[in-house]
A.B. asks: 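Below is a structure I'd like to ask you about.
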Amino acid sequence: MSRWLWLLALFAIAVAIALFAGNNQGTVTLYWPPYRVDLSLNLVLLLLVGAFVFLHAVLGAMSALFDLPRQALRWRTQQKERAMYGSLLDGWSHMLAGRFIRARKSAEAVLVQERSLDNSGQRVANAPQVRTLAHLLAAESAQSLQDRPGREDHLKQALSQASARDAQEVHEGALMRAARWALQDQEPEAAMTWLQGLPQGAARRTLALRTKLKAARLARRTADAMETARLLAKHRAFSAGAAQSLVRGLAIDLLNAAHDVAQLQRAWNSLEPSERLMPELAVHAAQKLSALGGDAQVAREWLAPVWDQQAELGDSIKVKLVLALEAGMDSLDSAWLARIEAAQKANPRDATLQYLAGMACMKRQLWGKAQQHLSQAALALQDIRLHRKAWRALAELAEERGDLDTAAKAWKRAATD
């Protein structure tokens, strides 16, 4: 569209000039005694335009001539900047290729070139970022070369350079690199200190959270590791299965760190509701509570959500659930006994549930029902622990009846099977 407008404008100008110049009878007379010069008005206008164009060209040529030194200086500065950026790229290329000495030399060359430009008054626009990246490159090379003093020196200078407002992101990167180097040196507390210097937004980035998780686990700060793992799971830094496994493992470590019932209760309360529904976690907490001499009723409350989904559990976790419930059989109430019998009747072929029902009846002194359930369970149980416990219980029941021969056979089966 613009081209057509320009073409129409040119046509209009051409028409105006033709109309004006074609019928223009005007003249211009110049008097220079004793001379007189008559010129047509068209020629005078043409000469004026030509003089203007000539003068403009002369002034442009003089300006270009006087601007040559400045252009030469700018060209030399550009060459130095290109050499500086080229050295920076070469340094990172050498670093990726494992040539750490060459990478360090390239980083030092960048610093020398940038300093030369600054001393000559030609300051680079992004000088803080360039200096920080060069120092980080040199520090990374020193870390790979096990030169810790060199690494600390370059890191200190990188942080001082990156303190400028226009290099904030590079400053954050320097802190993250420092934290990772501390982890490589097996110094988790130092890594946590470096990460604490990050702004709140940067501290919640996935890379920072991963580093914090490693540092917290290495420092055995399970609570911090749990919180970080939850944030990573929300950010979808892991797959759903991996995140669940990680959180479950950290939660188990948190429960294992408890040395009395009060600490265990606080650790359990610190877990999120979704975590308390994990079967492995609830069973482990109940077993830990039983080992610390805690209230069996509290343990059963923790196990109640797991029991409601016991039909969907695998054999190994179901065995652990049965063992956890068995540990509190002495205080088993009638409500739980009814729940156990209802589950056993709903799935009569489940030997694990038969065993649990038999042990519950035995604790409640329901000898006949206990004998029936345990006899059926002992023949079908696959888990060796439950199998032997079932035969021992049958031996004790036989002794209660005074049937010593049956008791002896049961004790033998418990010892040999």
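For the numbers below, each heavy atom of this structure counts, side chains included, while hydrogens, waters and symmetry mates do not.
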A.B. asks: Quick check on L277: does its CG atom have over 12 non-hydrogen neighbours (other residues, nucleotides or ligands) under 6.0 Å away?
C.D. replies: yes
A.B. asks: Does Q309 have more than 12 heavy atoms from other residues, nucleotides or ligands lying within 6.0 Å of its CD?
C.D. replies: yes
A.B. asks: To check you understand the geometry: which heavy-atom pair defines the closest contact between L255 and A267, and what is its length?
C.D. replies: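 Of all heavy-atom pairs spanning L255 and A267, the closest is CD2-CB, 4.0 Å.
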A.B. asks: R230 and S270: which non-hydrogen atoms are nearest, and at how many Å?
C.D. replies: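 The pair with the smallest heavy-atom distance is NH2-O, 3.4 Å.
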A.B. asks: When you check the gap from the basic side-chain N to the acidic O, do R221 and E189 get nearer than 4.0 Å?
C.D. replies: yes
A.B. asks: For the residue pair L195 and A208, what are the closest heavy atoms and their distance?
C.D. replies: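 Smallest heavy-atom distance, with atoms named: CD1-O, 4.1 Å.
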A.B. asks: Does a side-chain N-to-carboxylate-O contact under 4.0 Å join D118 and R131?
C.D. replies: no
A.B. asks: Do I384 and R388 have side chains that approach each other closer than 4.5 Å (heavy atoms only, starting at C-beta)?
C.D. replies: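 They are in contact (side-chain heavy atoms under 4.5 Å apart), so the answer is yes.
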A.B. asks: Starting from the C-alpha separation in whole Å, work towards a yes-or-no answer on side-chain contact (heavy atoms from CB on, under 4.5 Å) for T211 and W194.
C.D. replies: CA-CA 11 Å; T211 306; W194 286 117; over 6 Å; no
A.B. asks: Between the side chains of Q297 and R300, is a donor N or O closer than 3.5 angstrom to an acceptor N or O?
C.D. replies: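 Side-chain D/A pair, Q297 to R300: present.
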A.B. asks: Specify whether H387 and W391 have parallel, tilted or perpendicular ring planes, treating 30° as the upper limit for parallel and 60° as the lower limit for perpendicular.
C.D. replies: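 Perpendicular.
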A.B. asks: Side chain of R276, backbone of L271: donor and acceptor closer than 3.5 Å?
C.D. replies: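 Such a contact is found between R276 side chain and L271 backbone.
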A.B. asks: Checking the side chain of E114 only, and the main-chain atoms of V110 only, is there a donor and an acceptor separated by less than 3.5 Å?
C.D. replies: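 Judged by distance alone, no pair lies under 3.5 Å.
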A.B. asks: For the residue pair A351 and A377, what are the closest heavy atoms and their distance?
C.D. replies: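 Taking every non-hydrogen atom into account, O-CB, 3.6 Å.
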A.B. asks: Do the side chain of D383 and the main chain of L386 share a donor and acceptor less than 3.5 angstrom apart?
C.D. replies: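 Looks like yes, one N/O pair under 3.5 Å.
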A.B. asks: Should the heavy atoms of other residues, nucleotides or ligands under 6.0 Å from CZ of R248 be counted, would the total exceed 12?
C.D. replies: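 Yes.
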A.B. asks: Any heavy-atom pair between the side chains of K389 and L323 that's under 4.5 Å?
C.D. replies: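 Counting from C-beta outward, L323 and K389 do come under 4.5 Å.
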A.B. asks: Does atom NZ (K318) have a neighbourhood of more than 12 heavy atoms from anything else shown, all under 6.0 Å?
C.D. replies: yes
A.B. asks: For V283 versus L303, what's the shortest heavy-atom pair and its separation?
C.D. replies: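 Smallest interatomic distance, heavy atoms only, reads CA-CD2, 3.7 Å.
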A.B. asks: Do you know which two heavy atoms are closest between D185 and R151, and how far apart they sit?
C.D. replies: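 Taking D185 first and R151 second, the nearest heavy atoms are OD2-NH1, 2.7 Å.
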A.B. asks: Whether the side chain of S141 engages the backbone of L137 through a donor-acceptor N/O pair (distance < 3.5 Å, no angle test) should be reported.
C.D. replies: yes
A.B. asks: Measure up the W302 and W268 rings against each other and bin them: parallel (under 30°), tilted (30 to 60°), perpendicular (over 60°).
C.D. replies: parallel
A.B. asks: Is D308 paired with R339 through a side-chain N to carboxylate O contact shorter than 4.0 Å?
C.D. replies: yes
A.B. asks: Given the rule in the side-chain contact (heavy atoms from CB on, under 4.5 Å) test, do W411 and E396 qualify, once you have shown the distances and angles that lead to the verdict?
C.D. replies: CA-CA 9 Å; W411 282 118; E396 293 175 359; 4.2 Å; yes
A.B. asks: Can you check whether E341 reaches K369 side chain to side chain, under 4.5 Å on heavy atoms?
C.D. replies: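 SC-SC contact between E341 and K369 confirmed.
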A.B. asks: Taking side chain as C-beta onward, heavy atoms only, is Q310 less than 4.5 Å from L353?
C.D. replies: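 SC-SC contact between Q310 and L353 confirmed.
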A.B. asks: Distance-only, no hydrogens or angles: does the T77 side chain make a donor-acceptor pair with backbone N or O of L73 under 3.5 Å?
C.D. replies: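 Flag set: sc T77 to bb L73 pair under 3.5 Å.
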A.B. asks: R413 side chain to A378 main-chain N or O, any donor-acceptor pair under 3.5 Å?
C.D. replies: no
